[in-house]
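Starting from 1, each residue takes its place in the sequence as its number. Values in this document were obtained by computation on a predicted structure and should not be read as measured data. We count ligands from 1, going down the list as the structure has it; atoms in each ligand are counted the same way.
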Amino acid sequence: MATVRSSRQGILSDDSTEAREGIVEMLKKAYWMELETVMSYISNSINPDGVRAQEIVESLQEDITEELGHAQQFAARIKELYGVVPGSMDFTPEQTYLQPPDHQTDIVHVIKGVIEAETGAIEHYNAVIEATEGVDPVTNDMVIAILRDEEGHRRLFEGYLREYEMEGLA
Ligand SMILES: [Fe+2]
Ligand SMILES: [Fe+2]
């Protein structure tokens, strides 16, 4: 039986093992970031009280599905690069800023937390794009598309924050 020939070129080749493993580590971090964001957006889309919170709550509800989709894309790419998608025991939470506020009417806390989470994602995804440039075009392309979503999320929540600032509430 003939053995399967490994690719001679590109990120799946034996010569690219080191680069590939480095990218997989970055993708694992991205995967955890997305999953923690899903957790935080679920809690912050349910906890808030008050009429003013409605817009924010609805916006976060829409984002949950999108962030979950990102997590799935990162997981799939980890596997394609011969990595293994980690299990939940490897998870370490980091989003201190998106914990429930002391008062559930404190929607500014939520808006600022979302901006921070999106900013963290944007920074990490820019780093992934830089690391994969000219090395792994498929990951590069995928992360550019995801980066666009995160920039859109941040911009939306910056707009909400501006509104609260205008009214002297933030
Ligand atoms: Fe995301
Ligand atoms: Fe996002």
Closest to the Fe ion (ligand 2), which N/O/S atom of Glu150 is it?
OE1
Grab the two heavy atoms, one from Leu60 and one from Asn44, that are nearest each other, plus how far apart they are.
CD1-O, 3.5 Å
For the atoms ND1 of His153 and OE2 of Glu67, give the angle they form at the Fe ion (ligand 2), rounded to 10 degrees.
100°
For N/O/S atoms only: which one belongs to His70 and is nearest the Fe ion (ligand 1)?
ND1
Between Lys28 and Pro86, which heavy-atom pair has the shortest distance, and what is it?
CG-CD, 4.1 Å
For Thr37, which of Gln95, Glu66, Glu150 qualifies under side-chain contact (heavy atoms from CB on, under 4.5 Å)?
Gln95
Does any N, O or S atom of Glu66, backbone or side chain, fall under 2.8 Å from the Fe ion (ligand 2)?
no
Kindly say whether the aromatic ring centers of Phe91 and Tyr31 come within a distance under 6.0 Å.
no
